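The structure appears right after this line, and notes come after that.
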2 protein chains.
Amino acid sequence: MNYPEAWLRGASLGEGIASNIRLKIVSGTIQPGDKLSENGIAAEFGTSRSPVREALKTLSSEGLIRLERMGAVVIGLGPKEVGELYDVRYLIESFVQSRIAALDAKALSVVLERIIDKMELAGRHRDPVEFAFQDLSFHETIIAEAKHSRIWQLWRSIRQLVMTVMLITTEEVFAEGEERVEAVIEKHRILLQGIRSGDPEEVQKRVRRYFDDSYVTLRHSLPHREEDR
Amino acid sequence: MNYPEAWLRGASLGEGIASNIRLKIVSGTIQPGDKLSENGIAAEFGTSRSPVREALKTLSSEGLIRLERMGAVVIGLGPKEVGELYDVRYLIESFVQSRIAALDAKALSVVLERIIDKMELAGRHRDPVEFAFQDLSFHETIIAEAKHSRIWQLWRSIRQLVMTVMLITTEEVFAEGEERVEAVIEKHRILLQGIRSGDPEEVQKRVRRYFDDSYVTLRHSLPHREEDR
DNA sequence: ATCTGTCTACTTGTACACAAGTTGCTTTAT
DNA sequence: ATAAAGCAACTTGTGTACAAGTAGACAGAT
């Protein structure tokens, strides 16, 4: 699997390299414990070390690799780590939803509605890349609504990683058939209804359930990648 | 105020530059909206652009500046942003404390006890730098105990920033007299007692109170920096 | 006076060069 | 055979050079 070109428009070489390596780490092509050298990667991508350094720093700040004296060592993203990533996503969205004023809900729900429409369209067009992107947009839109600088920065620090995980899981969901795709869309509709209701307790319940469900889906679609090691 | 040399031992030029600029931003010497150019900073610190690029990337990942096409623009850290930083600290510690097994509490509390002793010592020696460092260590030790890779990475992404804020507020606390210092230590003792109790509800209550108190302290010690602009 | 085009100075992105330090192997001495 | 010393091939950190692109000022035309 390759990283979608469309997601790299206008990006620097460094960002491109980071995205490629990130995908390799998440998909398991590169395994935990592997060592990455700047020269090696530069040779692989046919660039100088400068963009590679930028990429490694990015991946390090995302917690995917650890920069050491000699070489960067891959931390990786096994089932446990993905679960932990979803812990944080839940923390963020739970916090954010508790902060969204009832006032904003109206305008917000219109935007979210349109994103869900785009997800449906992408589903019909069998376009997992676009689908994953809209899925990400849905959650990002909600998070942005809180207008909380630190939460937003926190989201930015895991955004690319979440995007990559979504890309992989969405590919699998699409491969498993139409009803799985529809189920994902339905989950977002349930979230949206919660926001529309304006009832804080109801919202929290639905967010909680969304991520519980997601975790189950994850356990179902990711682990077999681990087992064939 | 200058960044403590002791906190930069073994650090690269890039980290040093980042720490210096970070302090300037947090203390208000550099203000939101200001533009930083790589060449300018390189000239100021007498280095080449390479370490400066590293520093700017670091500060960007901490959310203190925003990298744009031309120049990096300072986002800054006003009272509102510091409050939001404490929101995130509360989110982290609240989550972490809920995950610490009663088993671990014993060994953990011994370590925390020793850190509090060091805080007392630093208080008697009138050494705010050491005091702030131990304060940071206290919280970091608790967070590490959860052994949660994503939460840990989240902490790492704000660690330097928290350290810098602590440095400044601790200087002020020390300037205000002994009893203020003792009050800070007492707050940590209360947290520790919560952990020792092993009662989840009690722990959550004390964590909540700790950060509520901290926010009040913050409002008291930071805002006047804003007003004299 | 206003609009337009060009030009200059500055910006970042990338490549490359060099220095200092680390790792691990080879060779030599016992 | 084994241990120690030295060497060779790597590593990263930093400095420098160049290319492409942008912003703003200035001059000229309408």
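Predicted, not measured: the structure shown is a model, and the values here were computed from it. Chain naming here is simple, since letters A, B, ... match the order of the sequence lines and numbering starts at 1 in each.
Near-neighbour residues of DNA chain D inside residues 44-69 of chain A, defined by a heavy atom below 4.0 Å, number-ordered: A:R49, A:R53, A:R69.
A salt bridge links A:E84 and A:K80; the closest N-O separation between the charged side-chain nitrogens and carboxylate oxygens is under 4.0 Å.
A close approach under 4.0 Å does not occur between any side-chain nitrogen or oxygen of B:N39 and OP1 or OP2 of C:dC10. Dashed line: the shortest gap from a side-chain N or O of B:S37 to OP1 or OP2 of C:dT11 is under 4.0 Å.
The nearest whole Å value for the distance from the NZ atom in B:K35 to the C1' atom in D:dG24 is 12 Å. Rounded to whole angstrom, the span from the CD atom of B:E38 across to the P atom of D:dT14 amounts to 15 Å. As rounded to whole Å, 12 Å separates atom P of D:dT16 from atom CG of B:L13. Whole-Å rounding puts the B:M70 CE to D:dT22 P distance at 9 Å.
A:R99 has its side chain out of reach of A:E145: every pair of non-hydrogen atoms, C-beta onward, lies at least 4.5 Å apart.
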For this session: Any chance you could lay out the side-chain contact (heavy atoms from CB on, under 4.5 Å) test for B:I195 and B:Q97, step after step, and finish with the verdict?
Result: CA-CA 8 Å; B:I195 293 173; B:Q97 294 261 25; 3.4 Å; yes
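Ring pair B:F133/B:W7 is tilted by interplanar angle, where 30° to 60° counts as tilted. In this pair, A:H188 and A:F138 present their aromatic rings perpendicular. The plane angle is above 60°, beyond the 30 to 60° band.
Side-chain contact check for A:R156 and A:Q153: no donor-acceptor pair (N or O, by modelled atom type) lies under 3.5 Å.
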Exercise. How is the base pairing of DNA chain D summarised as a dot-bracket string, given the Watson-Crick and G-U wobble criteria with both distances under 3.5 Å, [ ] for crossing and | for another strand?
Worked result: ||||||||||||||||||||||||||||||
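B:N20 places a side-chain N or O within donor-acceptor distance of the main-chain N or O of B:G16, the cut-off being under 3.5 Å.
Remark: of the listed residues B:L191, B:V162, B:I92, B:L191 is the sole one forming a side chain to side chain contact (heavy atoms under 4.5 Å, CB included) with B:H139.
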